[in-house]
Structures are given as C-alpha cells and as structure tokens.
Amino acid sequence: MKPSTPSDPPSEHATERSTWVPDATTLKRWLINTSEHHVLFPVIAVVVLTVFWWTTLTLIEVEHTAARQAAASSSRELVETYEAQVVRALREIDQTLKLVKYEYESAGKRAILRELKANALLPPDFLFVVSITDDAGQVVESTRPPEMDHAAGQEFFAMQSRADTVWVSRPWKSPASKEWKLQFSRRLNGSDGKFVGVVMIAVDAAYFVSGYEPAKLGQHGVLGILGADGVFRVRRSGDAISAGDTADYAAVVPAGNAEDSETTLSSNPWDGMRRYTSARQLYDFPLAVIVGLSEDEQLVATRENRRTYLWRATLGSVLVVLILGLLGRMSQQLTLSRRRAVKEQIAHAERVEYLAYHDGLTTLPNRSLFSKLLGQSINQAQRHQRQLAVLFLDLDRFKQVNDTLGHEAGDQLLQEVATRLKACLRNSDTVARLGGDEFVVLLGELEDEYVATVARKILTSIARPFVLAGQEFRVTASIGISTYPQDGLDEQTLTKNADIAMYKAKEEGKNNFQFYSEKLNANSLERLTLESGLRHALEFEEFQLDYQAKRDTRSGRITGMEALLRWKHPDLGTVAPLQFIPVAEETGLIVPIGKWVLKTACLQNVAWQNQGLPPLSIAVNLTARQFFDEKLLADLTAILAQTGMEASLLELEFTESLLMHDIEKTLQILVGLKAMGVRIAIDDFGTGYSSLSTLKQFPLDTVKIDRSFIRDVAGDTEDKNLTEAIIAMGRTLSLTVVAQGVETKEQADFLRLNSCDEFQGFYLNKPMPADQIADLLRTQSAVGGGPGQLSS
C-alpha cells in the first residue's frame, strides 16, 4: 500500500478512527467527574462487589457443575454395574431354561427336574421355582409347589405355543406371599418338533433390585427394570418396591448404542422426582435397566455450600456497602433516584408501547396496530390472490348517549359494542377501534356473500337494546365497505373508501351498510370540500343572514322575522343550507356557527330598533346538536347580555322530532329557556307524530305548520283537514299558529278563513338581506300595512 503524504487527503477510515480519540479537555473533564466522591465511591463499590460476587458465583457455579457432572457420572457407572448384574442373572435363568429344555427334549422324559436338582444343576429353589407344563398348560412337575397350577390362559403360554424364544412375563402378585413375581419361560418341543409344553422359572421381582445400596443411591434414587412394552417389571426407590406401573419406553430409554446414551436430568414420569437418570437396553432381552440419582440428594452438599458462600458474600457485601455508604451518602441517594427514574421510564415505556397498539377503553387493537395488520393482510392477499374487505363502522346516536346519560355510560356503550363486534366475527377476522365511536373491521379470505352477512349480523347485534346507567337505550350503526383489490390496493385507499361508503350509509338513513363506488367517491370529495371550507368560513366571514318576514293573516302586517343562514363560498358560490348544515351537524361545527347566528341575529334586531323601527320578534332555528349542547343556556345568556336584546323578542325553533327524542331531557332544557324569557316554537309541525298529551307537557309559544301540508291545502282534502286540525289544536293549547311555505293567494285566503294567526312564504316576501328588511319595515310604517301594498 502506498504510504500517505501530507498532501494526501485523509482517508475515510482514518477520519472515522480519529473521532474515537478524546481531546485533552474531554479527558480532563472525565477525570474530574470521576474523582468526585459521588461518582468515585459508587464506582469503587461496584468494582469491589463485582469482583467479590463474580468470584463467589463462579465458585458456586464451578462446584455446582462439578456436582452435576459427578452425579451424572455416578449414574452412568451404577447403570453399567447394574446392567452387568441383571444380564448375568437373566443369562443364568435363561441357561437353566435351556438346560431343562435340552434334557426334556433329548431324553424324552417328563420327570427330569428331580434328577437335575439332585445333580445341583438347578438354581436354589428358595429363590427360583422351576416348573414344566404339558401342551394343555397343566403343571406336571415343579421344584416347589407352584402358585400357578394351570398356565393355558396365560399370555406367555399362548406365545410359547407359537414361537421358540425366551419370554419375560409382566409382573404379577403372588396370592400367597403378596409379593411381586416374574415368570421366565421357553417352549418345549416333541421329537416331531411339535409343541408339547413349557418350562418356566418364577422369581421374586425384588431379587433384581436387591442390590439397591442407599449409600450410593440414597433414599430417593431409583433402580428398576422396564420392559419394552412400557411396563416396569420391578422398581425400587429407598425401601419401597413396586412393579406393574407404566412409563413411556421411548422417552425413558434412549435409542442407539448403550455406550452413546447420555445421563439426563429430568422429572421421572412415574413419581415426578427429578433425577439424574441413566438407562440401558439389554442385549437379547426385551428389557432395559434404569438407574436414577435424586437431584436433591446428590446436590445437597453443594447447595449447603452455596448457601454458605452466599451468606458470606452477603455479609461481605453489607460491610462494603456500609463502609462506602458512609463515605458516599450523596452518591447513594443519587443512585437511588436514578434507579427510580429508570423504573418510571421503563413503566412509562411499557405503558406507551401498550397504548401505541391497543385502545385503553375497549382493549381492541387501535389505529396503529390495525394499520400494520391491514398492511400484512394486503401482502398476503396479493401473494395468494385472495380478497379481503374493510368495514368502517360509526355509531349513529353515540353523542346523544354522552349528552343524556354521561360519559361513563358512553364508555360502557363502547365496551359493550366492542364485545358484540367480536362475537360477530371469525377468529381470523380483526376488529379495531379508531377513536370516538368509530370502529373498523378487517375480513380476510372472503367467501361469497360473507361480507354482507357479517354487516347484517353487526347491524342486528348493535340494534339490540343496551342497559346503560340502569336505563335501556338503543343505538344503531352505519357501515361502509371497501374490498381488495376492487376498491383499492393499499391500506390508505381501502380505509378512505370504506369511510366514504360509511357516510353514504348515514345519508341513506343510517342503520344500514353501503359498498364503495366511484360515485360515492365524488360525493365524498364534495363533502370533504364543504367540511374543509366550513372550518374557515367563520374566520373568513363567509356567512351572512337573510331574513324572511312573518305576517299577520288578517292585517298582513309584519309580526316578526326568521333568520336564515347563507354561505357565500369563494369558489363554490352560494351553498344551499341543505348541503352544508348536515355536514356542520356531523362535524360539530354547527355549535360555533349557531352561536354566530344567534349573536348576529340579536345584534341586527337591536340595530333595527336603534334605527327607530318597531321591536319585532326574531326566530332562529336550532339543530339537535345545538339543542343538546350542555353550554346552550350559558351561551344564550351571554349573547343576550352582550347584545342587549330583550329575551322575549327571541324565538327559538326546534323540529317536532327533536322534541320527541328524549322527553325528560328536552323538557329540562325548555324549562331553562322559558325561565330566561325566550319564546319557543315547534318547526315543521305535523311530521313528528307527537300526541296532544305530550305537547301539553312542553312550555311552547308557537307551532309552525309544515310546508308540505300548505302546498296542496287549497285542493287536497286530506291536507286541508290536517291543517284545520293543527290550527284547532293550537288554539286549544293557546299557541300562536304559523303556516310556512305560503306561495299563492288561495293558500293565504284558506289560512285567513280558518283563523290561522300568521304565515310566511314567497307569496308576500322572499328572504332578503337586513337592509332590505329595514326598507320594508319603513314602507309598512308609512303606508299602514295592507297585504296588497306590501307584496314584493
């Protein structure tokens, strides 16, 4: 490599390395900070304790590891010894079986056991009982009275009749001695090779575990023989000997060569004791020997040493901490405060992480987690060419629950809605809460009609009554649906289009679901434009009020005004109230807009009076959201005080359906308004199906007949009868009756003939700006106010 010269630019690696070299100032500052006692003493304590405890723990670990290895080694050595003992015993037993078999088959004599015993060719009969049966299973000769006279029904007899091999029986309990026994047997053949009987040897099972040494195995070790069929032929632990219970042979006895088997530390399945267990499969026999050393017994000394070491280390640590603590108390306090801060940060981080992905109220996934899940689902759907659907759900009357029953009831409603939504979905589907009363559902792996079925199921479930704050309450939902890949290929598009479809569902009367379409998108863009414009309309002074006169039916004189809101959009021109009022109502913007309308109308009324015009009432319409706003009475009191308008000149109009919504809450608000002196009118009367008994409860002043009845009142008998009935009802309740939408002389004559109090409409006056209303009032004062004279 070429050496660098002073003219060579420094290499990238050289520059990177140079940043790790501290300058003199940094090093000096580090040394000063380190030498301060609130840093120095904790550092010393940490170093000393670290070395101290590292040494202690290392020593404990070394001893513990050595003890584990020693236990494992002992287990391996013991199993090797035990294997040799058992194999030797088994081979002796098998050799005896073979000897008897040979003598029997070669001599052709049945009574050979006495001769073999006399020649000391049989094992001692106090341990081993040798017996011979005939081909029918009847015992024909035995070295000791046998406990089994007939063997035809035994498993080993049936097996020996088919095959010539050594057989080891399952353990059985002697009826006489109540001791466990094992039976070893071989087949006897005649000269023609046919089955003629069985030679068998019965042995106490305890014989095979008699070599159990507590000094080596402890009181909780294990010594046993397990058959390949998973049945213990015998097992001993301490002084307890058992047989016949089962274990998983493959799990206990390792596969492969015995030399390759490892000692395992595990809980033995037969008694739950943790042991260092070694197992060896016996050659030529369907058996395995098992040796186990109890972990507790093998490590008892090590654990006692561990406690001693820990106790000594603790005492030493306490001394170190006390000494250094006295010298560095300030450092100790600082360390504690830092630890508390760290714990608080960890707790805060965990809480933030949870809130980042779950809704705290309903425990559903939140917007962030749903976004991730939707992205993953889109990728899977694209990979496997599947469809999925997004359902955007909004509760239709949630705000009313909060306004009438309180926020606790609203929270309870959201929790119950979350529960019902989950019950409507499959385990593979997802429901999340986006915020407020908005939920979103992800349906993956769509099937035919599944989306519509789920949407109907959700609407039905939510429509069932809720019990909130001890009261039964009903809400409905509006659902918008978009599908992948038809309505979008990414998360944002699918969610946006589902939202658009949801607004369409609300426009269609709520409590329904709508699928997304391009037409909905266009309507949604228009709505978004209106919503965006509404948020700045007050600031940019784009609203204005027009006023429509109300006239006395008989004299034709102007009796009052109704304020009508108009919006002059800089780009869209004049926007009709039917277009923007619903948007303002849904977004909540109607509340500040409504306050502006009230204040502007009151100021205008006072301004007309200051111009010398007569004081006339002025009517202002309130929507449901304004009416149930908790600040309505306070805002209205402030507006009347600021403008100086008499409360009796202000008339507030509400629709009949609004008054019928929650009678108790409505009556409370109306009483508050009447206490202020404000007049109250029912607008669009005749469309809300209210009863006379209900209307009598409300402190009303005016009832306004809906324009749909006035339109055909001169020609349609039904409309004529309904209008006459409303006028009669108004007179009965001492209310002022006003007809809306009067456009013809025939309509005006009918109303005059039937003693309707007032009317308004295009017949005499269209809505007009405030200055034109002032001119109209001046003209009326000048000419005396005949109907024909005041038409325009």
Side-chain angles (χ1 to χ4, degrees), residues 15-62 64 303 306-376 406-408 410-412 414-415 418 430-436 438 440 491:
T15 303
E16 183 177 341
R17 284 195 301 271
S18 65
T19 60
W20 292 97
V21 179
D23 55 22
T25 303
T26 302
L27 183 60
K28 182 178 180 181
R29 186 183 303 112
W30 182 83
L31 291 174
I32 292 174
N33 291 336
T34 304
S35 64
E36 294 180 3
H37 60 271
H38 68 276
V39 175
L40 179 61
F41 291 119
V43 169
I44 294 174
V46 169
V47 171
V48 173
L49 292 177
T50 299
V51 173
F52 196 62
W53 278 99
W54 181 84
T55 302
T56 301
L57 295 176
T58 301
L59 178 60
I60 291 173
E61 182 60 27
V62 168
H64 192 66
R303 288 173 177 171
R306 179 177 180 273
R307 284 192 291 269
T308 301
Y309 295 151
L310 292 177
W311 175 246
R312 291 175 180 175
T314 301
L315 287 178
S317 299
V318 170
L319 290 175
V320 171
V321 171
L322 287 176
I323 293 172
L324 294 178
L326 293 175
L327 300 175
R329 183 178 179 184
M330 293 180 60
S331 174
Q332 184 183 20
Q333 294 175 343
L334 179 61
T335 301
L336 292 175
S337 64
R338 287 178 177 174
R339 288 177 180 174
R340 286 194 297 268
V342 168
K343 290 181 179 179
E344 292 173 359
Q345 291 174 358
I346 292 174
H348 177 70
E350 292 175 347
R351 179 63 178 168
V352 168
E353 182 179 6
Y354 177 82
L355 293 178
Y357 293 106
H358 293 86
D359 173 51
L361 178 64
T362 63
T363 69
L364 293 177
N366 63 5
R367 186 186 298 271
S368 298
L369 182 54
F370 181 80
S371 176
K372 290 186 177 182
L373 294 175
L374 179 55
Q376 294 172 1
H407 290 285
E408 290 186 2
D411 291 345
Q412 181 186 349
L414 291 175
Q415 291 170 338
T430 301
V431 58
R433 181 186 176 212
L434 300 184
E438 293 182 342
V440 63
E491 168 203 340

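None of these values were measured; they are calculated from a predicted model. Side-chain atoms are counted along with the backbone in the values below, which use heavy atoms only and exclude waters and symmetry mates. When a residue number appears, it is its place in the shown sequence, counting from 1.
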**OP:** Quick one: pull up OG1 in T314 and CG in L319 and give me the separation to the nearest 0.5 Å.
**Re:** 11.0 Å
**OP:** Taking atom CD of E408 as the centre, report whether more than 12 heavy atoms of other residues, nucleotides or ligands fall under 6.0 Å from it.
**Re:** no
**OP:** Answer whether the closest heavy-atom distance between the side chains of V440 and F370 falls below 4.5 Å.
**Re:** yes
Original post:
Under the side-chain contact (heavy atoms from CB on, under 4.5 Å) test, which residues partner L310, sequence neighbours left out?
Top reply: W53, L57, I60, R306
Subject >> Residues in side-chain contact (heavy atoms from CB on, under 4.5 Å) contact with E491, at least two apart in sequence or another chain >> reply: S371, L374, I378, T495
**OP:** Output the distance between atom CG (L414) and atom OG1 (T362), rounded to the nearest 0.5 Å.
**Re:** 7.5 Å
Subject >> Value rounded to 0.5 Å, distance of CZ in R367 from CG in L434 >> reply: 4.5 Å
Subject >> Listed partners of L373 passing side-chain contact (heavy atoms from CB on, under 4.5 Å), at least two apart >> reply: L369, Q376, T430
**OP:** Apply side-chain contact (heavy atoms from CB on, under 4.5 Å) to L59 and Y309, showing your working.
**Re:** CA-CA 9 Å; L59 178 60; Y309 295 151; 3.7 Å; yes
Subject >> P365 to A432 - nearest heavy-atom pair and separation >> reply: O-CB, 3.0 Å
